[in-house]
Structures are given as C-alpha cells and as structure tokens.
Amino acid sequence: RKLNVVWWTNIRFEKRFTSDLCRLLKASGCIAISGGLEVASDRLLKLIKKGVTVAQVARVTDAFTQAGIMVHAYLMYGFPTQTAQETIDSLEMVRQLFEQGVLQSAFWHQFAMTAHSPVGLKPAAFGVVETGPHFDGFADNDRFHEDPSGAEHERYSEGLRKSLFNYMHGIGFDFSHDEWFDFSVPSTTVAPDYIEQVLAEAEDRPAGNAQIVWGGPLPELEALSPEVVQLNFYFKKEVWGLKLPASIGYFLQEQLANLHILQPSTTKFSAFKALWSESGLGELEAGKNAAIFEVLREKGLWVV
C-alpha cells in the first residue's frame with residue numbers, strides 16, 4: 001500500500017540476528033532496537049541464564065549498526081556476588097563496545113531484588129540473604145537483601161554514570177577506569193582489544209533452514225549483444241547496472257522475481273544453491289561466479 005512504516009522494538013541479542021536479517025529489518029522500517037547486555041560479564045550472564053555472551057552481543061550489535069539501526073543497551077550492576085573486579089571488567093566491555101561504534105546509547109541500572117524474580121524466589125541459590133519486608137501482595141514486591149560476597153555496589157553508581165555519559169559522546173575512551181571514581185578500583189583483566197578481535201573473527205553463516213529473499217527493485221534486462229546483457233536496478237537513490245553473460249542475466253532476472261519479498265511463497269537457501277549450480281554457474285560460495293552473488297547480497301539479496 002506504499003506505506004512508510006517506522007518502528008523500533010526491544011529484543012534479546014540472539015545470534016539469529018545476522019547481518020542479512022538486520023538489513024531486512026532496516027528495509028522494513030526498523031530504526032532502533034534495545035536489548036539487555038545486563039552485567040556484561042559471561043559468568044554473571046550465565047548465572048542469570050540470559051542465554052547470551054558478551055561476544056555474541058558484540059556481533060549482533062555490530063550487525064544492527066552496519067545495517068543502519070541504532071542500538072541501545074540496558075546495563076546492570078550490583079547483581080548478587082558481582083565483585084569489584086567484575087564491575088570494572090564490565091565497564092571495560094562497555095567502553096570497548098562504544099569505542100568500536102556498535103553501541104549508540106545505554107543506561108546503567110542498579111540491581112533490585114523482587115519477590116517473584118529467580119533471585120527473590122531462591123536467594124540462597126544466588127549467594128544472598130533476604131532481609132524483608134514480607135510480601136503483602138500485588139505491587140508490593142521489592143525486597144532488601146545482603147550480598148556477603150559482592151562489592152559495595154552503591155559506590156560505583158556515579159563513576160559508571162559519568163563514564164557512560166562520556167562514552168556516548170565519543171570521548172573518554174583513553175581514560176583509565178580509576179579516573180571515573182573517587183576511590184581506588186582494580187585494573188581491568190579484559191584485553192584492550194577484546195571486542196575488536198571478536199568482531200574481526202565473526203562468521204556470518206546462514207542457518208541450514210534459512211530462506212533467501214530479494215528486497216530490492218525488480219531489474220529491467222537490457223540486451224547489449226547476443227552474448228551480454230545488463231540488469232538495470234532502479235533504487236530510490238541510485239540506478240545500478242550489472243553487466244553479465246546472457247545466460248546468467250536471464251537466470252537472475254527470473255530468480256529475483258521468484259525471490260521477491262512480496263511474493264507469498266518462500267524459497268530455502270539450499271534450494272536456491274541447487275538451482276544456481278544446476279544452471280551451470282558453479283558453486284554459489286566458491287565458484288567463478290560467486291562474486292556476482294556477493295554483489296547482489298550487498299544490494300538486497302538476503303539469507304535470513
């Protein structure tokens with residue numbers, strides 16, 4: 001109906017958010033997402049059963065950012081048993097995520113125990129002691145607790161807030177962590193290039209049951225000679241031409257129409273790979289025509 005829809009949503013940083021899926025979300029009108037990085041510590045993320053790791057969050061936020069979707073992270077400090085060392089290491093993780101440009105905004109929340117949360121239901125399993133008050137019903141569910149093995153969490157509030165404010169403005173990345181606090185804090189144990197290395201080693205492999213869709217305009221085919229054709233794509237901001245051997249050009253014109261995102265049917269990536277090979281184009285990811293596939297992926301051929 002030619003509607004321009006703009007939207008944002010809350011997510012969990014699942015590894016399913018690949019680069020192609022993020023591009024598809026961008027094309028659908030998504031401008032921003034927010035998700036919980038929480039404590040930014042793999043030990044504590046496992047303890048709270050978040051289902052993600054810091055490395056996974058880094059890769060997903062990078063995929064969203066590269067697609068042009070803004071990313072906001074919910075951050076938490078003061079989770080039961082979180083030590084001073086883990087607090088500073090979490091701060092370092094956040095610093096690197098902003099320095100690499102994969103986060104655009106965030107906010108630190110201090111942990112609060114509530115009656116129906118996993119910690120509130122079984123405080124001993126998380127190393128804390130509930131100190132009341134008694135639960136008296138709906139909306140009266142806040143609980144006080146003691147954390148014998150954790151840090152003095154309240155002391156870190158201002159330093160975390162101040163450092164994050166600077167990181168969101170693109171400054172302060174070269175400050176040592178103790179400059180944000182008015183008391184001594186431990187040095188971080190996180191490698192200074194940890195997030196950079198995680199992003200460099202990332203592999204964006206499609207899932208076995210992934211679908212392939214074409215999100216760009218349908219091309220017009222121009223015959224340049226009996227052997228050579230050009231597919232002309234009229235995007236909103238550019239006209240793009242792809243010169244190809246005639247057999248490949250006719251094949252792609254037909255396939256892109258079949259794969260168009262407005263088609264009611266869907267095509268498995270595995271089926272498309274088979275068609276590509278059967279048409280004499282070689283192996284999709286490694287053959288001599290693989291570069292054509294990579295160029296089309298940049299323009300809107302997404303495996304999701």
Side-chain angles (χ1 to χ4, degrees), residues 1-38 50-52 56-75 94 97-98 100-107 109 167-170 199 202-207 209-220 231-242 252-269 271-272 293-304:
R1 290 180 290 167
K2 298 183 179 180
L3 298 176
N4 290 319
V5 179
V6 176
W7 59 279
W8 73 276
T9 188
N10 291 302
I11 67 161
R12 184 165 67 171
F13 292 113
E14 300 278 4
K15 61 183 179 182
R16 191 68 178 81
F17 288 109
T18 61
S19 296
D20 281 9
L21 180 55
C22 291
R23 290 171 182 167
L24 176 57
L25 292 171
K26 175 66 175 180
S28 74
C30 181
I31 59 171
I33 60 95
S34 58
L37 174 53
E38 315 302 3
K50 185 67 179 178
V52 300
Q56 180 177 314
V57 171
R59 296 183 186 110
V60 172
T61 54
D62 183 47
F64 276 108
T65 299
Q66 294 300 324
I69 298 174
M70 295 182 64
V71 182
H72 173 86
Y74 299 115
L75 303 171
V94 171
L97 289 166
F98 274 99
Q100 291 299 313
V102 298
L103 283 183
Q104 286 72 57
S105 69
F107 190 84
H109 304 259
Y167 298 158
M168 285 196 293
H169 287 80
L199 297 180
E203 291 187 8
D204 210 359
R205 294 182 178 179
N209 61 344
Q211 298 175 3
I212 183 167
V213 297
W214 171 247
L218 293 177
E220 294 182 1
L231 295 180
N232 294 313
F233 299 82
Y234 295 89
F235 291 89
K236 288 183 179 179
K237 296 183 179 180
E238 68 169 335
V239 178
W240 177 63
L242 182 61
L252 287 178
Q253 183 188 41
E254 178 184 1
Q255 291 305 312
L256 293 181
N258 293 336
L259 298 174
H260 197 267
I261 199 166
L262 296 182
Q263 289 287 352
S265 59
T266 59
T267 301
K268 291 288 181 67
F269 182 48
F272 178 76
F293 176 67
E294 292 303 320
V295 169
L296 288 170
R297 286 192 70 185
E298 290 296 320
K299 296 295 184 179
L301 187 60
W302 301 315
V303 182
V304 297

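Keep in mind that what you see is a predicted model, and the values were worked out from it rather than measured. Quick note: residue numbers are just sequence positions, from 1.
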Taking C-beta and beyond as the side chain, do [X] and [Y] meet within less than 4.5 Å on heavy atoms?
| X | Y | answer |
| --- | --- | --- |
| F64 | L21 | no |
| L37 | V52 | no |
| F13 | I33 | yes |
| L301 | V295 | no |
| F235 | W240 | yes |
| C30 | I69 | yes |
| I11 | F17 | yes |
| Y167 | L103 | no |

Locate the shortest heavy-atom distance separating [X] from [Y]; write the atom from each residue and the value.
| X | Y | result |
| --- | --- | --- |
| T65 | Q104 | OG1-NE2, 3.5 Å |
| E14 | V60 | O-CG2, 3.2 Å |
| G241 | N232 | CA-OD1, 3.9 Å |
| P217 | Y234 | CG-O, 3.5 Å |
| I212 | K268 | CG2-O, 4.2 Å |
| H109 | Y74 | NE2-CD2, 3.9 Å |

### Message
Check the orientation of F293 and F269. Use parallel for under 30°, tilted for 30 to 60°, and perpendicular for over 60°.
### Response
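Aromatic pair F293/F269 classed parallel.
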Nearest 0.5 Å, please: how far is [atom2] in [Y] from [atom1] in [X]?
| X | Y | atom1 | atom2 | result |
| --- | --- | --- | --- | --- |
| L242 | L231 | CG | CG | 5.5 Å |
| N10 | R12 | CG | CZ | 13.5 Å |
| L75 | E38 | CG | CD | 8.0 Å |
| Q66 | C22 | CD | SG | 10.0 Å |

#### Entry: Chi angles and distances behind the side-chain contact (heavy atoms from CB on, under 4.5 Å) call for R59, K15
CA-CA 8 Å; R59 296 183 186 110; K15 61 183 179 182; over 6 Å; no
### W214 and its ring pair (Phe, Tyr, Trp, His ring centres under 6.0 Å) partner, picked from F272, W302, F233
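The ring pair (Phe, Tyr, Trp, His ring centres under 6.0 Å) with W214 is passed solely by F233 among F272, W302, F233.
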### Query
Do any N or O atoms from the side chain of W7 and from the backbone of A32 form a donor-acceptor pair under 3.5 angstrom?
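Looks like no, no N/O pair under 3.5 Å.
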### Query
K26 side chain to G68 main-chain N or O, any donor-acceptor pair under 3.5 Å?
yes
#### Entry: K299/E238 ion pair, N-O < 4.0 Å
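Looking at E238 together with K299, the answer is yes, because their closest N to O distance falls below 4.0 Å.
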### Query
Does a side-chain N-to-carboxylate-O contact under 4.0 Å join R23 and D20?
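A salt bridge links R23 with D20.
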Please tabulate, for side-chain N and O atoms in residues 253-261, each donor-acceptor pair with protein atoms closer than 3.5 Å (sequence neighbours left out).
from : atom 1 : to   : atom 2 : distance (Å)
N258 : ND2    : E254 : O      : 3.3
H260 : ND1    : L262 : N      : 3.2
H260 : NE2    : G216 : O      : 3.3

